[in-house]
Amino acid sequence: MEENREKIIKAVESHKKNTCTTGDILQDLGMDSSSGFIALESELKSMEKDMELVRGANGTWLTRKQADIYEGKLSVNKKGLGFIDRENGESVRIESADQNSALNGDTVLYRCPPWDIYGEVVKVLKRAHTKVVGTIKGSRRLRFVPDDEKLADKRIKLTVPEGFNLVEGLKVQCAITTYGKNTLDLTVEKIIGHKDDPGVDILSILLEHDIEPEFPEEVMEETMRIPQTVSEEEKAGRRDLTGEITVTIDGDDSKDFDDAVSVVKNDKGWLLKVSIADVSHYVTEGSALDKEAFKRGCSTYVTDRVVPMLPHQLSNGICSLNPQVVRLTNTCEMQVDENGVVTEYHLYPSFICSTERMTYHNVNLILDGDAELCARYAHLGTLFTDLADCADAIRRHRTAKGAIDFDSNEAKIVVDEMGNPTSIELRERGHAERMIEDCMIAANCSVANQMKWADLPCVFRIHEEPQAKRITNFQRAAAILGHKLVLGKSAVHPLELQQYLNSVKDTPEFPVLSMMLLRCMQKAKYDPNCVGHFGLAEEEYLHFTSPIRRYPDLIVHRMLRKYVYEGCTDKHQIVKDEGLMQEYSEQSSVRERASQDAEFACDDMKKAQYMEDHIGEVFEGIITTVTAFGFYVELPNTIEGLVHITTLNDDYYVYDEYRMQLYGAGHEKVYSLGQQVKVVVLAASRETGNIDFGIFKGRKMKKPSKRNKIEERKPSYSARKPASQRRKPRADRSDKHSFRRDRKKTGGGYARNKKQSERSRRKPKGKA
């Protein structure tokens with residue numbers, strides 16, 4: 001079937017646009033019988049239904065490309081405007097009226113000529129959402145209000161099956177039964193709980209992103225059949241590393257330990273061993289556990305809980321490298337020289353017995369010379385100092401190649417037993433955290449090198465170089481901030497960006513510059529082809545070190561066993577696995593994004609909830625983004641809020657898109673990127689995750705009456721003109737006598753305005 005369609009498409013492509021008829025295709029395919037004609041007609045209708053071919057003028061056939069139809073992923077903003085990214089060129093804009101029944105995240109076919117930027121959705125290929133989470137509102141007449149603001153303009157028809165007793169304030173999950181252009185038909189599927197109950201807010205966000213905390217019954221049954229100890233038979237064919245000093249180093253609250261490290265100083269440098277839990281031994285291909293792990297893609301870590309990719313009996317049990325128990329592992333053994341270069345490596349199946357379960361906090365104290373902890377862990381010898389020296393050498397080598405460290409801040413949100421945020425502070429990242437990161441990256445690079453040059457099926461982690469347009473925009477912004485970025489004429493190299501960030505590291509503008517440059521980067525993703533990692537300046541890279549919480553890592557372990565350890569050479573199996581790698585990569589990238597979106601949404605909600613108790617308080621922050629409708633200010637603890645232009649009532653402010661600033665037309669006051677400002681908290685909403693700031697003027701400010709009154713404004717046409725060509729705005733109409741203040745300057749302006757008002761006075765209607 002697929003071969004026939006490919007031949008038909010090639011036949012249509014060989015003709016000029018709007019010239020290929022059914023007869024031409026029949027002739028090109030060498031089909032001259034009546035049965036062949038009937039079969040072709042049937043296939044063409046099927047291809048037309050799937051929109052692989054399109055009817056053109058006078059009954060001719062067109063390919064998608066000839067009809068200006070392309071495939072893409074629709075992203076819809078809060079205003080309802082859709083965008084589809086193109087590989088080369090500006091993103092396509094899809095107005096809400098042209099989105100048909102497509103929703104945010106759907107994979108669609110859209111029509112848009114290459115020279116245009118406005119298009120329309122012609123077909124939805126894959127739905128991103130099949131369920132909707134929302135709240136039951138209303139006292140007399142109940143209605144369903146979706147949590148997703150992007151569905152606010154949809155007319156919703158709700159079906160409530162028997163057995164569901166809906167009351168105001170309940171959070172419910174609904175299945176989408178019908179997708180309409182402006183409507184959605186929903187059926188209540190699950191009652192999550194009351195919106196004010198502890199934990200329901202976060203659970204609602206998880207379910208909204210299709211992250212299910214509970215595992216299916218068949219998965220749990222399969223899990224319970226897995227033994228929780230390693231048998232002697234399972235050790236066969238594996239290298240015994242139980243006699244070596246090996247430790248896990250994780251956060252204080254971690255319960256799943258999937259990586260352990262061991263290092264010995266030798267005459268060549270250091271012999272570093274990174275041993276990773278062999279999850280693939282327990283989660284076999286095609287099993288219920290494997291299918292569920294594929295569906296989830298990764299573990300999700302939100303404010304007060306973890307939704308694991310694998311059941312706790314595995315992630316915290318037999319697959320976790322707990323101390324003083326034997327566990328099955330895959331080991332990457334690396335010889336690292338004094339310059340931090342991995343001169344040779346070996347991959348092999350093993351089993352270990354972790355000597356100690358260490359935390360980042362304690363290891364940092366040991367590296368700082370804490371006497372009590374050094375004495376407690378004296379039996380580990382010089383492990384931590386050797387590990388630090390080895391990791392530091394690896395980092396220096398990677399930095400010399402151009403690896404970029406954006407050094408972005410991460411918030412640590414502390415909540416009480418009821419889920420209420422009690423404090424928000426920066427998460428500390430010490431030497432121990434960087435040390436383990438360096439060891440894991442070295443192992444990932446070694447395994448990627450093995451899989452790439454052996455030409456084996458695998459899922460790689462890729463990070464493509466940033467688009468030229470984004471880098472150009474960053475150069476303009478950097479120059480405005482007084483820190484010009486100069487690049488060569490050829491393609492941008494990560495070393496250039498790294499050196500630039502190092503040159504501005506000690507300036508007040510560094511946080512903004514680092515964040516803006518990070519936004520210029522393309523998103524890292526999974527791919528069956530090894531095209532390198534721009535941010536790490538590595539030609540080969542993948543994820544190998546976290547198979548408990550990431551499905552791609554599990555696949556890497558599976559491919560290692562099949563092709564490296566067992567030496568499979570079956571060509572049919574290789575072709576089959578190569579096809580699966582594309583599916584695994586796409587699903588893993590999608591689920592990673594859903595997990596990240598859920599984590600960000602939970603953080604935004606808890607930050608807004610935290611600021612609800614700080615309304616009226618004053619903070620100092622830095623302007624991180626300037627738009628036509630205001631600017632965003634980030635506080636030192638990463639909380640970000642909007643200073644809307646309507647709260648800047650001391651002047652008429654104009655948005656200068658080129659300089660990325662708001663300036664006052666009257667008093668010439670300017671708000672620009674990187675500027676330190678004092679703000680007062682005006683409003684915060686945990687339901688929307690929004691926080692409103694106002695510029696602090698040494699007195700209390702009036703709160704906005706309603707959140708929905710603060711809306712975005714499109715930049716005026718004059719804002720795009722040079723400053724010299726802009727006209728000064730008229731006086732505010734609310735100040736009827738503002739011209740009196742300018743009498744001396746205008747030379748009798750009061751009299752002129754008085755005469756003009758008399759002339760313009762209308763006569764009453766009717767006869768004279």
Any salt bridge between K571 and E578, counting N to O under 4.0 Å?
no
Ring centroids only, cut at 6.0 angstrom: are Y526 and H543 within range, meaning strictly under it?
yes
If the threshold is 4.0 Å, N to carboxylate O, is there a salt bridge linking R461 and E592?
yes
How many angstroms lie between atom CG of D455 and atom OH of Y563, to the nearest 0.5 angstrom?
11.0 Å
I'd like to know if K562 pairs up with E285 as an ion pair, taking the criterion as any Lys NZ or Arg NE/NH1/NH2 lying under 4.0 Å from an Asp or Glu carboxylate oxygen.
yes
Step-by-step side-chain contact (heavy atoms from CB on, under 4.5 Å) determination, H557 to I276
CA-CA 9 Å; H557 283 245; I276 308 299; 3.6 Å; yes
Pick from N449, V447, I441: which one makes a side-chain contact (heavy atoms from CB on, under 4.5 Å) with C445?
I441
Inter-residue atom distance I548.CD1 - M309.CE, 0.5 Å rounding:
8.5 Å
Are the charged groups of E333 and R239 less than 4.0 angstrom apart, N to O?
yes
Checking salt bridge (Lys or Arg N to Asp or Glu O under 4.0 Å) for the pair E465/R470: CA distance, chi angles, key distance, verdict?
CA-CA 11 Å; E465 67 179 52; R470 291 188 174 185; over 6 Å; no
Please determine whether side chain to side chain donor-acceptor pair (under 3.5 Å) holds for the pair E234 and H281, giving the CA-CA distance in whole Å, both sets of side-chain angles, and the decisive distance to 0.1 Å.
CA-CA 9 Å; E234 290 175 310; H281 177 81; 3.0 Å; yes
Evaluate side chain to side chain donor-acceptor pair (under 3.5 Å) for Q587 paired with E583, printing each intermediate quantity in order.
CA-CA 6 Å; Q587 170 71 358; E583 183 182 1; over 6 Å; no
Looking at D106 and R127, is there a salt bridge between them, counting it only when a charged N and a carboxylate O are closer than 4.0 Å?
yes
Do D278 and R561 sit within salt-bridge range, that is, some charged N less than 4.0 Å from a carboxylate O?
yes
Would you check, one step at a time, whether the test side chain to side chain donor-acceptor pair (under 3.5 Å) holds for W453 with E540?
CA-CA 10 Å; W453 295 108; E540 300 101 15; 3.3 Å; yes
Is a salt bridge present between D438 and R398, judged by a nitrogen-to-oxygen distance below 4.0 Å?
yes
For the residue pair Y541 and H533, categorise the inter-ring angle as parallel (less than 30°), tilted (30 to 60°) or perpendicular (more than 60°).
perpendicular
Do the side-chain N and O atoms of N444 and E538 include a donor-acceptor pair separated by under 3.5 angstrom?
no
Is the number of heavy atoms from other residues, nucleotides or ligands under 6.0 Å of K401 NZ greater than 12?
yes
Apply salt bridge (Lys or Arg N to Asp or Glu O under 4.0 Å) to the pair R434 and E437, showing each step before the final yes or no.
CA-CA 5 Å; R434 293 192 296 271; E437 179 184 281; over 6 Å; no
Within-4.5 Å side-chain heavy-atom neighbours: M358 and T248
no
Does a donor on one side chain sit under 3.5 Å from an acceptor on the other, for T331 and S275?
yes
Taking the six-membered ring of F215, is NZ or CZ of R296 closer than 6.0 Å to its centre and within 45° of its axis?
yes
Mind checking whether Y348 and Y565 have ring centres under 6.0 Å apart?
no
Walk me through it: do Q582 and D527 pass the test side chain to side chain donor-acceptor pair (under 3.5 Å)?
CA-CA 7 Å; Q582 182 66 44; D527 198 274; 5.4 Å; no
Evaluate V261 against I436 for side-chain contact (heavy atoms from CB on, under 4.5 Å), listing each step before the verdict.
CA-CA 8 Å; V261 291; I436 291 300; 4.2 Å; yes
Evaluate the side-chain proximity of T246 to E356: yes if any heavy-atom separation is below 4.5 Å, no if none is.
no
If we ignore angles and hydrogens, is there a donor and acceptor under 3.5 Å between the side chains of D85 and S91?
yes
Salt bridge or not for R558 and D290, using N-O below 4.0 Å?
yes
Interatomic distance, CD@Q313 vs OG@S320, rounded to 0.5 Å, equals 13.0 Å
